[in-house]
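These notes concern the structure reproduced below.
The first residue of the sequence shown is numbered 1, and numbering continues consecutively from there.
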Amino acid sequence: MSSEEKKYTDSGIEIKTVFTQKDIATQAQENTNYLPGRFPFTRGVQDNMYRGRLWTMRQYAGFSTAEESNKRYHYLLSQGVSGLSVAFDLPTQIGYDSDHALAEGEVGKVGVAIDSIEDMQNLFDGIQLEKISTSMTINATGFILLALYVALAKQQGADLKNISGTIQNDILKEYAARGTYIYPPKPSMRIITDIFEWCSQELPKWNTISISGYHIREAGSTAAQEIAFTLANGKAYVKAALEKGLDINVFGKRISFFFNAHNNLFEEIAKFRAARKMWAQIMKELGATDDKAMKLRFHTQTGGSTLTAQQPLNNISRVTIQTLSAVLGGTQSLHTNGYDEALSLPTEEAAAIALRTQQIAAFESGIADTADPLAGSYYVEYLTEKMEETALEIMQKIDAMGGAVSAIEEGFIQDEIAKSAYIYQQQIESNEKIIVGVNKFQHANNDADIPILKVDDQIRNVQIEKLNRLRQQRNPAKCDQILQTLNDKATSGENIMPVVIEAVENKCTLGEIADTLREIYGEYK
């Protein structure tokens, strides 16, 4: 490379050959209280970070039936995970029971099938909800899964004040990047604020939303776009809650985020640091006065789209780099992908290696020994500042359109992600960007002898039998009455969470509850 050739990150930030103190002069002047645990929290949300407590080590798992997923959860808990993370199948995500015509071919495939309270009982059989933190990747039907979780906790005799975990519950990124939405934006936002309100009173330790940049990045955004679009969505949720009269200092403490970790180690670390600073300032501007309501707490998952089907064992190295970026960037919780996930759902062996990657980083690498170990690096501080500048420029465009909901309705966010994805793919095809084993250093038999996890197509029949039994055993008149009450409360604008919990306790199914609201709100096309 000639000395004149310029180099840039994927977010368009120029990388110089050498960085000096001059490159961070403004950043150093701005941050007079530049310490972890202090506003604007660039260096971390806790003053001692992982010396006080390691990040929560999660493994995202869920496939086939509740019974099969339960076996995997017990295995992961025995191997040292400190929190569960549940993947749901597509019918569950978009509000269809397993016996619905549109569920055919999808039941139990990309996650676990949950149709009723009985499935939830089987999913967590032998697991005390009061003693474990559970993250559930669920959005359009997040309110139903939360109701099922609460109903099960009550059956276990748990104190709801001690139940901890997260529902993703981020519908805006579904419209922008992922597609598992049901209802139009306005009623969807109303359901989310119902959850905020109900949980602030009944489930105080529950994170009511995990605003997700992960899927925005998976769809092809850059790192700067990931935080810009995610924080813009966050602003929209906060404003909706404020319009409902909720206290920002109360619900703000239960907002969490979900970010992606890709392979450019330093850009990813800078992204996490910049996001914390930006969110603290956004919340302050929106009226937060409690430090805890200004802290950006986040879960990270290593980059699914970075995994290659070619030479899949190389993915262990990729996941290791991504693990380092998440921890050096100050994550509160982490899921590491299995090396085989470009081929199938992870096998037990691949999930164990992924967990061991986190444990080796935690206990052998030394990176958890001090808070924000890369602070003061000329390069990292420069990247953090430029990441913030680049993301703020994008957010200003969204604000000018009237906020994230308007930007999504106009197609702006979707178009920007599509453009970035196209440029990235062009760079791979032109060999401007090297992907080891894909466009360079290839060899034959890329995935020879890699075991694959296969989900039995008969799972749907098993679920249908369960549903038939459930409907025979329940009180149909009681179910009809509760679903009518749900209809009435949704129509009148009352909080729907109490009646949804009552519905699942009386064995109404996920599909029946989702359909009741489809009749009122319609479906987003």
Side-chain angles (χ1 to χ4, degrees), residues 86-98 100-103 106-107 109-111 113-115 136-148 166-196 208-221 226 229-230 232-237 239-241 257-258 304 398 401-418 421 486 490 496-497 500 509-525:
V86 184
F88 298 96
D89 72 358
L90 280 173
T92 303
Q93 291 181 48
I94 52 177
Y96 293 123
D97 289 331
S98 297
H100 193 285
L102 291 176
E106 294 293 346
V107 176
K109 288 295 173 73
V110 299
I114 299 292
D115 294 320
M136 295 189 281
T137 302
I138 196 75
N139 297 286
T141 53
F143 68 105
I144 306 173
L145 270 299
L146 177 60
L148 287 162
T166 306
I167 41 169
Q168 192 162 99
N169 198 29
D170 174 9
I171 204 66
L172 291 179
K173 68 95 181 32
E174 296 295 332
Y175 304 121
R178 192 163 173 265
T180 61
Y181 44 74
I182 304 174
Y183 316 113
K186 284 188 175 64
S188 293
M189 293 291 277
R190 172 259 163 102
I191 293 171
I192 288 168
T193 55
D194 278 2
I195 294 167
F196 284 6
T208 49
I209 193 166
S210 178
I211 304 162
S212 176
Y214 184 85
H215 302 98
I216 289 168
R217 193 68 178 281
E218 289 294 281
S221 81
E226 179 188 351
F229 297 151
T230 306
N233 287 348
K235 275 177 76 172
Y237 292 124
K239 286 181 175 180
F257 289 81
F258 173 27
I398 293 169
M401 294 177 197
V405 176
S406 299
I408 288 165
E409 287 174 342
E410 290 179 31
F412 169 75
I413 292 176
Q414 299 93 311
D415 289 347
E416 291 298 297
I417 294 169
L486 173 60
I496 63 171
M497 279 306 298
V500 174
T509 68
L510 173 131
E512 290 164 348
I513 294 166
D515 282 347
T516 299
L517 297 184
R518 276 186 179 95
E519 289 171 15
I520 299 164
Y521 301 143
E523 289 191 86
Y524 182 72
K525 302 292 184 187

Do [X] and [Y] have side chains that approach each other closer than 4.5 Å (heavy atoms only, starting at C-beta)?
X: I216; Y: I417; answer: yes
X: Y96; Y: I182; answer: no
X: L172; Y: I211; answer: no
X: M497; Y: I195; answer: yes

Can you name the ring pair (Phe, Tyr, Trp, His ring centres under 6.0 Å) partners of Y175, sequence neighbours left out?
->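 Result, ring pair (Phe, Tyr, Trp, His ring centres under 6.0 Å) vs Y175: Y181, Y524.
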At their closest point, which heavy atom of I144 faces which heavy atom of V500, and how far apart are they?
->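 Smallest interatomic distance, heavy atoms only, reads CA-CG1, 4.2 Å.
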Closest heavy-atom contact between G95 and A514?
->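 Here G95 and A514 meet closest at O-CB, 3.6 Å.
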Are a donor atom and an acceptor atom from the side chains of E226 and S221 found within less than 3.5 Å of each other?
->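 No donor-acceptor contact under 3.5 Å links the two side chains.
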Can a donor-acceptor pair be found between the side chains of S212 and D170 at a distance below 3.5 Å?
->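 S212 vs D170: no donor-acceptor pair found between side chains.
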When rounded to the nearest 0.5 angstrom, what is the spacing between CG in N169 and OG1 in T137?
->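 These two atoms lie 12.0 Å from each other.
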Should the ring pair Y183 and Y521 be called parallel, tilted or perpendicular, given that the plane angle runs from 0 to 90° and is split at 30 and 60?
->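 Y183 vs Y521 ring planes: perpendicular.
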Assess R190 against F143: is NZ or CZ under 6.0 Å from the centre of the six-membered ring, and within 45 degrees of the ring's axis?
->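 Pair R190/F143 does not count as cation-pi.
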Applying the side chain to side chain donor-acceptor pair (under 3.5 Å) test to S98, which of D89, D115, T92 qualifies?
->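 Per the side chain to side chain donor-acceptor pair (under 3.5 Å) rule, the option paired with S98 is D115, out of D89, D115, T92.
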